[in-house]
Amino acid sequence: MNLDLFASLFATLASPALALVGPGRAPAPLAHTYSIVARDPKTGEMGVAVQSHYFSVGPIVPWAEAGVGAVATQSLVLVDYGPKGLALMKKGFTAKQALDQLLKADSTHDGRQVAMVDAKGNVAAYTGPSCIPDAGDVQGDQFSCQANLMSHPTIWPAMKAAYEKAQGDLAERLMQALEAAEKAGGDIRGRQSAAIVVVKGEKGANPWDNVVVNLRVEDHDHPLVELRRLLRLRRAYNLEDQGDAFTTAKKSAEAAQAYAEAMKLAPDVVELQFWAASTMYQNGKKPEALALFKQVFAREARWVPLIERLAKVGLFPNDPKAIAEVQAQATKGAPW
């Protein structure tokens with residue numbers, strides 16, 4: 001190895017927050033990692049999932065935009081590949097055309113690892129010759145798995161096999177790919193943070209409605225375990241919202257099922273039960289609501305006085321009898 005190059009690389013690795021960049025550019029994050037970018041052929045959803053021994057990998061590696069595509073930019077990171085890759089695909093470039101153009105403009109691309117998928121399912125990936133071994137990538141039908149600084153060269157093939165075998169929505173399949181990577185040995189340095197982003201296949205009028213999942217674990221001993229927990233909670237709260245919508249639409253059977261599924265997914269979250277009970281009470285399901293309030297108050301009495309506060313702002317009937325009926329479900333003598 002050239003001594004000057006070795007010295008430069010050693011200095012970079014000695015400072016884990018910095019990465020090699022071109023002359024005149026500001027230092028960028030050093031995010032050695034494993035990731036997957038994918039498009040679901042059935043729904044059109046696109047997403048990125050990533051895990052790394054790097055603090056807060058979520059703002060660095062995964063990039064996705066509804067109706068456009070998804071990008072993972074890692075290794076000796078140039079973050080530009082994320083937003084600029086999406087901008088090019090938005091203009092009509094395929095994933096490969098976008099990646100090729102960005103690599104051509106990047107004089108220090110040998111240390112990069114990038115993967116892209118566009119809204120038509122075209123996939124492109126690049127693993128530079130200076131990526132730290134074990135490093136590589138592998139593609140399948142509308143997805144790409146890539147990794148660098150891994151414990152074994154089996155990591156990205158294990159991700160591919162897991163993703164192809166997985167069932168469920170795109171977020172679940174991405175999650176299983178990450179879990180397979182960790183099971184196969186993962187990052188040689190260990191683990192620290194993780195993230196998953198999934199967007200819709202078509203862009204809607206409201207940007208905030210275009211994101212299906214956007215979860216991050218910034219720093220954790222077992223980031224994938226925590227990411228799995230957050231994904232479970234995300235699904236539970238989605239079901240709770242569905243239950244509220246069904247209740248408002250007077251679809252009591254559908255609402256009851258949505259609430260039941262939400263509480264089954266997250267039985268430890270008392271708040272889900274409280275809001276379900278409140279909505280049910282206001283929509284003609286008083287016996288069921290009161291029974292649920294009783295469970296909530298038995299677990300956490302702090303929710304009892306909230307009924308009066310909700311009534312004052314129109315979020316619960318401002319009726320003393322209704323308030324008293326609900327608060328009567330609290331355990332006698334319990335402080336609140």
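Nothing here was measured: the structure is a model prediction, and the numbers come from that model. Both backbone and side-chain heavy atoms feed into the values below; hydrogens, waters and symmetry mates do not.
Side-chain heavy atoms closer than 4.5 Å link hydrophobic residues (I, L, V, M, F, W, Y) into clusters, and following such links, possibly through other members, connects L231 to Y34. Both Y163 and W156 belong to a common hydrophobic cluster when Ile, Leu, Val, Met, Phe, Trp and Tyr are linked at side-chain heavy-atom distances under 4.5 angstrom. When the side chains of ILVMFWY residues are joined at heavy-atom separations under 4.5 Å, either directly or via intervening members, V68 and M116 end up in a single hydrophobic cluster. In the hydrophobic clustering of ILVMFWY residues, with side-chain heavy atoms under 4.5 Å counting as a link, F143 and M175 come out together. Hydrophobic clustering (ILVMFWY, side-chain heavy atoms < 4.5 Å, transitive): V225 and L230 are in distinct clusters.
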Can S75 and Q113 be said to form a side-chain hydrogen bond (donor to acceptor under 3.5 Å, both in side chains), step by step? CA-CA 6 Å; S75 186; Q113 188 172 53; 5.7 Å; no

Derivation and outcome, side-chain hydrogen bond (donor to acceptor under 3.5 Å, both in side chains), residues D100 and Y126: CA-CA 9 Å; D100 286 348; Y126 171 78; over 6 Å; no

Apply side chain to side chain contact (heavy atoms under 4.5 Å, CB included) to residues V114 and L99 and explain how you reach the verdict. CA-CA 8 Å; V114 187; L99 180 55; 3.8 Å; yes

Tell me, with the steps shown, if Y281 and F316 meet ring-ring contact (aromatic ring centres under 6.0 Å, His included). CA-CA 9 Å; Y281 186 93; F316 192 83; 5.2 Å; yes

Can you check side chain to side chain contact (heavy atoms under 4.5 Å, CB included) on L239 and K264, steps first, answer last? CA-CA 10 Å; L239 285 165; K264 184 177 180 180; over 6 Å; no

Give the C-alpha distance, both sets of side-chain angles, the deciding distance and a yes or no for side-chain hydrogen bond (donor to acceptor under 3.5 Å, both in side chains) between E254 and S252. CA-CA 6 Å; E254 292 89 340; S252 58; 6.0 Å; no

Would you check, one step at a time, whether the test side chain to side chain contact (heavy atoms under 4.5 Å, CB included) holds for L170 with L174? CA-CA 6 Å; L170 182 58; L174 294 176; 4.0 Å; yes

Mind running salt bridge (charged side-chain N to carboxylate O under 4.0 Å, His left out) on K160 and E164 for me, showing each step along the way? CA-CA 6 Å; K160 178 178 185 291; E164 291 176 330; 3.0 Å; yes

For R191 and E182: C-alpha separation, side-chain torsions, deciding distance, then whether salt bridge (charged side-chain N to carboxylate O under 4.0 Å, His left out) applies. CA-CA 9 Å; R191 61 195 71 84; E182 195 63 21; 2.7 Å; yes

Mind running salt bridge (charged side-chain N to carboxylate O under 4.0 Å, His left out) on D268 and R299 for me, showing each step along the way? CA-CA 10 Å; D268 51 321; R299 292 181 63 182; over 6 Å; no

With side chain to side chain contact (heavy atoms under 4.5 Å, CB included) as the test, would you mind laying out the steps for V326 and F297 before giving the verdict? CA-CA 10 Å; V326 170; F297 298 157; 3.9 Å; yes

Q295/Q329 under side-chain hydrogen bond (donor to acceptor under 3.5 Å, both in side chains): CA gap, chis, key distance, verdict: CA-CA 8 Å; Q295 294 178 29; Q329 306 310 308; over 6 Å; no

Give the C-alpha distance, both sets of side-chain angles, the deciding distance and a yes or no for salt bridge (charged side-chain N to carboxylate O under 4.0 Å, His left out) between K285 and E288. CA-CA 6 Å; K285 306 289 289 184; E288 298 91 332; 3.4 Å; yes

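Judged by distance alone, with hydrogens and angles left aside, the side-chain atoms of D106 form no donor-acceptor pair with the main-chain N or O of L102 at under 3.5 Å. S144 places no side-chain N or O within 3.5 Å of a backbone atom of A125 that could act as its donor or acceptor partner. Looking only at distances, no side-chain donor or acceptor of H220 sits under 3.5 Å from a matching main-chain atom of V217. Distance alone, capped at 3.5 Å, places no donor-acceptor pair between the N206 side chain and the D209 backbone. A donor-acceptor pair is defined here as one N or O able to donate and one able to accept, closer than 3.5 Å; no such pair exists between the side chain of S278 and the backbone of F274. For the pair D40 (side chain) and K42 (backbone), a donor-acceptor distance under 3.5 Å is present. A donor-acceptor contact shorter than 3.5 Å links the side chain of S151 to the backbone of G185.
Two residues are said to be in side-chain contact when any heavy atoms from C-beta on lie closer than 4.5 Å; R112 and T73 fail this criterion. Taking the side chain as every heavy atom from C-beta outward, R234 and N238 approach each other to under 4.5 Å. Annotation: side chain of V50 is not in contact with side chain of V197 (no heavy-atom distance under 4.5 Å). Side-chain contact check for R228 versus Q176: some heavy-atom pair is nearer than 4.5 Å. Using a 4.5 Å heavy-atom threshold, the side chains of F293 and V304 count as separate. K200 places a side-chain heavy atom less than 4.5 Å from the side chain of V212. Under the 4.5 Å side-chain criterion, counting only non-hydrogen atoms from C-beta, S193 is not in contact with D219. V61 is not listed as a side-chain neighbour of Q51, based on a closest heavy-atom distance of 4.5 Å or more.
Between T33 atom OG1 and I155 atom CD1 the span is 11.5 Å, to the nearest 0.5 Å. Considering CG of D137 and SG of C131, their distance stands at 9.0 Å, rounded to 0.5 Å. Separation of atoms CG (L233) and CG (L215) is listed at 9.0 Å; rounding is to 0.5 Å. Here NZ of K120 is found 9.5 Å from OG1 of T94. Values are rounded to the nearest 0.5 Å. Here CD of Q273 is found 10.5 Å from CH2 of W303. Values are rounded to the nearest 0.5 Å. To the nearest 0.5 Å, the span separating CG on L315 from CD1 on I307 amounts to 10.5 Å.
Within 6.0 Å of CZ on R189 lie more than 12 heavy atoms contributed by other residues, nucleotides or ligands. The local environment of CD in E202 is sparse, with at most 12 non-hydrogen atoms from other residues, nucleotides or ligands closer than 6.0 Å. For H222, the NE2 atom is loosely surrounded, since the number of other residues' heavy atoms within 6.0 Å does not exceed 12.
L178 and L224 get closest at one heavy-atom pair: O-CD1, 3.5 Å. Residue R302 comes nearest to P305 through the heavy atom pair O-CD, 3.4 Å, listed as atom of the first residue, atom of the second, then distance. The two residues A266 and L272 come nearest to each other via the heavy atoms CB-CD1, 3.7 Å. P59 and R216 get closest at one heavy-atom pair: CG-NH1, 3.5 Å. The two residues M159 and S35 come nearest to each other via the heavy atoms CE-O, 3.4 Å. A pairwise comparison of heavy atoms in Q146 and A115 identifies OE1-CB, 3.1 Å as the closest pair.
Of the charged side-chain nitrogens involved, at least one lies within less than 4.0 Å of a carboxylate oxygen, so that K90 and E65 count as a salt-bridged pair.
A180 pairs by the side chain to side chain contact (heavy atoms under 4.5 Å, CB included) definition with A162, not counting sequence neighbours.
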